[in-house]
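The structure appears below as structure tokens.
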Amino acid sequence: MDHAPYLLAEQLERDLGDPEGPGVVFSHANSLALDETEEFPAAICRRLEELGVHEYYVPAQYGGRLETYEQVLQLIRTVARRDLTVAIGHGKTYLGGVCVWVAGSPEQATALGADIKAGLPVSLGLTERAHGSDLLAGEVQGVPTEDGGWLVSGEKWLINNATRGSLLSLLTRTDPAAGPRAFSVLLVDKRAIPQESYRHLPKIHTHGIRGADISGIAFTEAPVAGSAVVGEAGSGIEIVLKALQLTRTMCAALSLGAADHALAIVLDFVEERELYGRKLVELPQARHLLAGAAADVLLDEALALTASRGVHTLTEELSVTAAVTKYLVPTGTEGVIADLTKLLGARAFLKDVHARGMFQKVDRDHRIVGLFDGNTLVNLSSLVSQFRSLVRGYRRGTGGLDGAGAAYDLARPLPPLAPERLSLVARYGSGVIASLPGSVEALRAEADANPAYKPALAHAERLVAAVARVHEAMEAHQNALTDVPPEAFDVARSYALCFAAAAALGIWRHNHRAAEQGRTAGLWQDGLWLRATLARVLGRLGEPTDDREAAEALLEQVRAVRGEGLLPSLLPLALKHNDEGTSC
Ligand SMILES: Cc1cc2nc3c(=O)[nH]c(=O)nc-3n(C[C@H](O)[C@H](O)[C@H](O)COP(=O)(O)OP(=O)(O)OC[C@H]3O[C@@H](n4cnc5c(N)ncnc54)[C@H](O)[C@@H]3O)c2cc1C
């Protein structure tokens with residue numbers, strides 16, 4: 001089963017060239033050299049622009065090529081698979097523009113689209129040195145002027161592309177009164193304000209994504225025109241929280257790319273490394289770790305597919321989907337990298353010995369994904385704050401069931417995003433969770449006809465019971481809005497796992513017939529990937545499930561897929577650049 005966003009990514013992969021090949025701009029060698037010298041990957045970003053990647057940061061109605069968030073997911077995943085520094089440094093422009101796509105006027109959005117298409121970087125200025133995640137404490141201030149504009153003063157710190165960016169979506173306190181209505185988002189165009197009214201802060205040295213432009217910007221009575229306000233003055237916090245639902249969903253692309261890269265490095269290593277007269281891949285413990293890592297990546301992929309399509313079809317529930325995705329995919333990938341580190345052994349610690357020492361860079365670079373754009377605890381806390389409506393929806397069986405079906409069914413065309421449907425709370429619960437009984441019923445019907453599905457069905461039935469228990473536990477914390485207790489965070493973690501498993505079942509249910517015919521058919525045969533991922537989820541929920549048969553079969557399929565030059569993923573994506581082999 002070929003799927004258009006994967007084919008788009010496959011084309012980008014081909015156009016970028018073999019990352020181990022000579023004369024390739026976006027090569028592993030260049031990425032490592034830039035990392036050593038902490039230099040921004042400017043030439044690589046120019047190459048991405050030659051290929052039009054930045055045009056996918058602009059919605060089609062504003063002159064760009066972004067039609068579905070699935071496209072962005074697969075393109076950024078492809079870039080991140082080579083180098084997270086580039087994905088974060090270049091993809092930042094999408095984050096910079098997103099407030100305007102959510103709430104800007106058509107004229108503002110069209111003008112910004114033209115600037116982005118012309119190659120101007122855009123950044124997002126939320127964070128302040130003293131306040132971190134506490135956006136309501138922000139001190140960057142806009143004092144109203146007689147001509148309807150603002151004089152902006154104050155400092156934003158830890159801002160990606162603050163120095164290189166030409167434009168900046170700036171969360172600004174435009175009303176001295178306290179509360180969420182005190183803030184506005186201003187689209188500040190550095191070209192339109194006097195140079196002496198702002199200064200860039202020095203580059204901040206980081207342990208990962210070392211070449212990225214992480215700096216800051218300080219304004220002193222910078223005159224910003226009234227036309228720079230995005231949406232209504234006073235609605236800045238709401239706009240930012242809605243925009244973050246989109247960016248947090250897209251952070252899955254960064255983690256998936258990192259996981260793909262780490263898995264590829266280790267899959268090659270275990271095939272080469274011989275110990276005790278056998279290949280490392282033949283040792284049971286190594287197989288166990290590898291199969292678990294592969295299953296976790298496939299679970300994350302199923303969740304990311306659902307979430308990126310859900311942007312269009314489950315828009316009202318994105319407050320939940322984005323929080324689950326931004327929590328689970330980065331932390332899941334951290335776990336995958338930690339497990340794979342154990343397999344690489346000394347080579348995870350050595351420079352230039354295996355795969356140029358690139359694994360260590362992936363590990364360092366990926367640590368930021370769980371920290372920025374709302375850290376793990378912020379996302380879990382956001383889930384806890386929605387426990388009340390999620391429990392109510394679960395009990396009543398409400399939630400966007402049709403939207404979930406449309407998100408799962410990869411053959412269904414997606415409608416354009418309607419940003420006005422974004423909401424800070426999923427009022428009717430979760431369509432993904434509501435879809436679980438139907439998916440299990442479909443699996444039961446399949447198992448009646450083909451007993452090979454019975455183990456997957458047994459896992460799914462245990463999941464249904466676990467979901468009921470998790471919702472009971474959520475009920476006990478549905479009033480925990482401030483001072484969230486640690487147990488509520490644990491319940492939110494379990495909820496996220498249940499959500500991801502329900503998404504995996506939905507993706508399986510709506511696509512397995514077509515996918516069983518495609519180039520990754522082996523992963524889908526008899527529900528193999530679903531069975532292996534459900535077993536992993538049950539284990540992570542504290543219900544150990546020893547399905548060694550599924551783990552073994554999954555590992556063999558993943559090895560076969562990689563051997564054929566494909567990405568080990570749910571749907572086919574060729575990585576081969578020539579007949580010689582696969583190097584990314
Ligand atoms: C490389 C990099 C790039 C960045 N790029 C940008 C950018 O482009 N634009 C931008 O605006 N910002 C950016 N940031 C800032 C980033 O988003 C912040 O670091 C983030 O918001 C968290 O702030 P903090 O790390 O200062 O942690 P704080 O908010 O001070 O939190 C400290 C700790 O408190 C705990 N905590 C926080 N909130 C909660 C909660 N609700 N419940 C329970 N515990 C909690 C967590 O353990 C957290 O680690 C970037 C940061 C880095 C490192």
Side-chain angles (χ1 to χ4, degrees), residues 35 38 40 57 84-99 121-140 154-165 167-172 183 185-186 188 200-219 236-237 239-241 243-244 247-248 250-251 254 258 323 326-327 330-331 334 364-387 477 480-493:
D35 185 62
E38 302 188 25
F40 188 82
Y57 303 154
L84 266 177
T85 308
V86 176
I88 291 170
H90 193 263
K92 183 71 214 180
T93 289
Y94 171 72
L95 272 76
V98 68
C99 288
V122 186
S123 47
L124 177 63
L126 307 180
T127 305
E128 297 181 15
R129 200 184 292 256
H131 306 300
S133 318
D134 187 2
L135 296 183
L136 287 176
E139 293 177 68
V140 166
E155 179 190 285
K156 292 286 179 184
W157 177 81
L158 267 189
I159 307 301
N160 186 0
N161 278 345
T163 303
R164 300 179 64 86
L167 296 110
L168 176 81
S169 292
L170 189 74
L171 185 65
T172 313
F183 294 86
V185 174
L186 304 180
V188 177
H200 299 131
L201 307 183
K203 174 178 166 68
I204 296 156
H205 298 282
T206 48
H207 292 298
I209 58 162
R210 288 162 39 168
D213 164 21
I214 308 299
S215 52
I217 185 164
F219 298 95
I237 291 288
I239 292 171
V240 163
L241 291 178
L244 286 174
T247 61
R248 287 174 182 171
M250 287 301 109
C251 280
L254 302 173
K326 179 64 174 62
Y327 156 66
T331 48
E334 284 166 12
R364 271 189 290 113
D365 288 351
H366 182 262
R367 283 186 215 157
I368 184 58
V369 185
L371 287 178
F372 65 11
D373 215 35
N375 65 34
T376 291
L377 287 164
V378 166
N379 284 290
L380 290 172
S381 172
S382 159
L383 284 176
V384 174
S385 72
Q386 298 180 75
F387 274 3
H477 296 292
L481 297 178
T482 52
D483 289 340
V484 179
E487 310 84 65
F489 283 99
D490 288 339
V491 177
R493 286 186 186 93

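These numbers were taken from a predicted model, which means no experiment stands behind them. In what follows, residues are counted from 1 in the order of the sequence shown. Numbering of ligands and ligand atoms starts at 1, following listing order.
- Side-chain contact between Leu171 and Val140 is absent, with no heavy-atom pair separated by less than 4.5 Å.
- In this structure, CG on Leu186 lies 9.0 Å from CZ on Phe219, to the nearest 0.5 angstrom.
- Between Lys92 and Asp213 there is no salt bridge, since no side-chain nitrogen of the basic residue lies less than 4.0 Å from a carboxylate oxygen of the acidic one.
- Glu334 meets the salt bridge (charged side-chain N to carboxylate O under 4.0 Å, His left out) test with no other residue; sequence neighbours excluded.
- Thr376 has its side chain out of reach of Pro330: every pair of non-hydrogen atoms, C-beta onward, lies at least 4.5 Å apart.
- When all heavy atoms of Arg129 and Glu155 are compared, the pair lying nearest together is NE-OE2, 3.0 Å.
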Write none if no such pair exists; otherwise list each N/O atom of ligand 1 with its protein N/O partner under 3.5 Å and the distance.
from: ligand 1; atom 1: 5 (N); to: Leu158; atom 2: O; distance (Å): 3.2
from: ligand 1; atom 1: 8 (O); to: Lys92; atom 2: NZ; distance (Å): 2.7
from: ligand 1; atom 1: 8 (O); to: Asn160; atom 2: N; distance (Å): 3.0
from: ligand 1; atom 1: 9 (N); to: Leu124; atom 2: O; distance (Å): 2.8
from: ligand 1; atom 1: 11 (O); to: Leu126; atom 2: N; distance (Å): 2.8
from: ligand 1; atom 1: 11 (O); to: Thr127; atom 2: N; distance (Å): 2.8
from: ligand 1; atom 1: 11 (O); to: Thr127; atom 2: OG1; distance (Å): 3.0
from: ligand 1; atom 1: 12 (N); to: Thr127; atom 2: OG1; distance (Å): 2.6
from: ligand 1; atom 1: 12 (N); to: Leu158; atom 2: O; distance (Å): 3.4
from: ligand 1; atom 1: 14 (N); to: Leu158; atom 2: O; distance (Å): 3.1
from: ligand 1; atom 1: 29 (O); to: Ser133; atom 2: N; distance (Å): 2.7
from: ligand 1; atom 1: 29 (O); to: Ser133; atom 2: OG; distance (Å): 2.5

